[in-house]
2 protein chains.
Amino acid sequence: MSEHKAERIPAAERREQILEAAARVFGERGYAAATTDQVAQAAGISQPYVVRMFGSKEKLFGEVVERAGLRLQEVFRAAIADANERGLGIREKRDHLGRAYIDLVDGGGVLLPLMQSFLLGHDPVLGPKVRSVFVEIYQGLRDEAGLGAEGARDFLAYGMLINTLLTSDLPALYDEDPAARELLDMACGSKVRVVLDAAKARA
Amino acid sequence: MSEHKAERIPAAERREQILEAAARVFGERGYAAATTDQVAQAAGISQPYVVRMFGSKEKLFGEVVERAGLRLQEVFRAAIADANERGLGIREKRDHLGRAYIDLVDGGGVLLPLMQSFLLGHDPVLGPKVRSVFVEIYQGLRDEAGLGAEGARDFLAYGMLINTLLTSDLPALYDEDPAARELLDMACGSKVRVVLDAAKARA
DNA sequence: GTCTATAAGTGGATAGAC
DNA sequence: GTCTATCCACTTATAGAC
């Protein structure tokens, strides 16, 4: 299974690979259930190397969350700029942001680890970071995106619904359960395909 | 710390105590991070007894989720009946359901374990149960509550937002962070107090 | 009905070689 | 820069006494 003797590459580059692998593994299994060995295998290196590179599993997850938060903001900013260029109204802009959001399910490296992190409020170390990321996202939507307080809240609500549909793997029922299909169709709009494909890719 | 020699009570009653303790422990730490020993201590008995009573940690969690799903439906039905008696319109009925929903944070035995379960879609054993509970809740809102497909979707979205606010423990920032406060106020409406008190009780 | 003792397994982290 | 070997703590589950 495991590839012995991974090729020798710069630490910075290896770091990126591990972060990417970790984002997927943590996103799928959650912080507690994921093991550093699963991350290592996904990255094609040994378990101790993962720990050595980041100091601890906890620190690795912290970085994953940090990155995911930044990436999300980045994508939002790009979508906002695009919407502004096209002179979209507030309504269209919001939908535009929504589609950009759903596109992020692809790869599973942003939305899923973020959602997993939102369940760690109780953690003494990760909790504070999680809350700060959450609040920053809210402020970004409210101020930078110009959705306003209620608009940001609404956007967040639909985002959380989508996240939950993903983490419960409801797409697995799409073909068998009409209610699941209906809910997915309504929650994802024209982007259902993206979600279904992402789920299929993971399975 | 641990109370040795718990008093001898009927199995059925003990079962309830364990389920209640488990709902809180699982709700706070999540399935993977929670230990059967933490459940045992919360219930005031020994760890092996917890396992013996339910066969395994996995089965215990399954029952917790099952119960939480049923309890939620029960509360919805009561709220629907009440709304119908009072002849409330669709808008008011939905808000009435929303308030009944938030009241469930009290005790932490329903919303939190349910939310935690929604992150386990990937689990081969618990995943299917989680999806079935999710879909049943959706159908209950759509048909029994009469919210219709889109109404149920919207209700679910705000529910998931509230769940996420709770699991990330955003209430901890209520007094220090204006943005967190604003978001909580908007998401919970007149029921913020309930949420803040529940968070304080847990801490 | 409930406990103590403990087996068996898992996983994060450290040491040190190459 | 990366691995192998390994330690140690923790956790679930079982056995059997009371």
What integer distance in Å separates B:Phe54:CZ from C:dT2:P? 12 Å
Mind checking whether A:Phe155 and A:Phe76 have parallel, tilted or perpendicular rings, split at 30° and 60°? perpendicular
Are A:Leu165 and A:Val195 close enough that some pair of their side-chain heavy atoms sits under 4.5 Å apart? no
Between D:dC18 atom P and B:Ile45 atom CD1, what is the distance in whole Å? 21 Å
Once you round it to whole Å, what is the distance between P of D:dC3 and CE of A:Met53? 10 Å
Which part of the nucleic acid, if any, lies within reach of A:Ala34 when heavy atoms closer than 4.0 Å are counted: base, sugar-phosphate only, or nothing? sugar-phosphate
More 5' along DNA chain C: B:Ile9 or A:Ala33, using each one's nearest nucleotide? B:Ile9
Could you state the OH-C1' distance from B:Tyr49 to D:dT12, rounded to the nearest angstrom? 18 Å
If the cut-off is 4.0 Å, is A:Ser46 near the phosphate of D:dT2, judged by side-chain N/O to OP1 or OP2? no
Rounded interatomic separation in angstrom, taking CG from A:Asp37 and P from D:dC3: 12 Å
Look at the rings of B:Tyr31 and B:Phe61 and say which category their plane angle falls in: under 30° parallel, 30 to 60° tilted, over 60° perpendicular. tilted
When we call it a touch if two heavy atoms are under 4.0 Å apart, what does B:Glu7 touch: a base, just sugar-phosphate, or nothing? sugar-phosphate
Starting at CD of A:Gln47 and ending at C1' of C:dA15, how long is that distance when rounded to a whole Å? 14 Å
If you look at every strand shown and take non-hydrogen atoms under 4.0 Å, does B:Pro48 touch a base, only sugar-phosphate, or nothing? base
How many Å lie between NZ on B:Lys57 and P on D:dA13, as a whole number? 8 Å
A:Arg71/A:Glu74 salt bridge by N-O under 4.0 Å criterion: yes
Students often get this wrong, so: under 4.0 angstrom with heavy atoms, is A:Ala40 touching a base, only sugar-phosphate, or nothing? nothing
B:Val51, B:Thr35, B:Thr36 screened by side-chain contact (heavy atoms from CB on, under 4.5 Å) with B:Lys57, the one that passes: B:Thr36
Does B:Thr36 make a side-chain N or O approach to OP1 or OP2 of D:dT11 shorter than 4.0 Å? no
Is the distance from OP1 or OP2 of D:dT2 to the nearest side-chain N or O of A:Arg14 less than 4.0 Å? yes
Distance in angstrom units between B:Arg52 CZ and C:dG1 C1', rounded: 10 Å
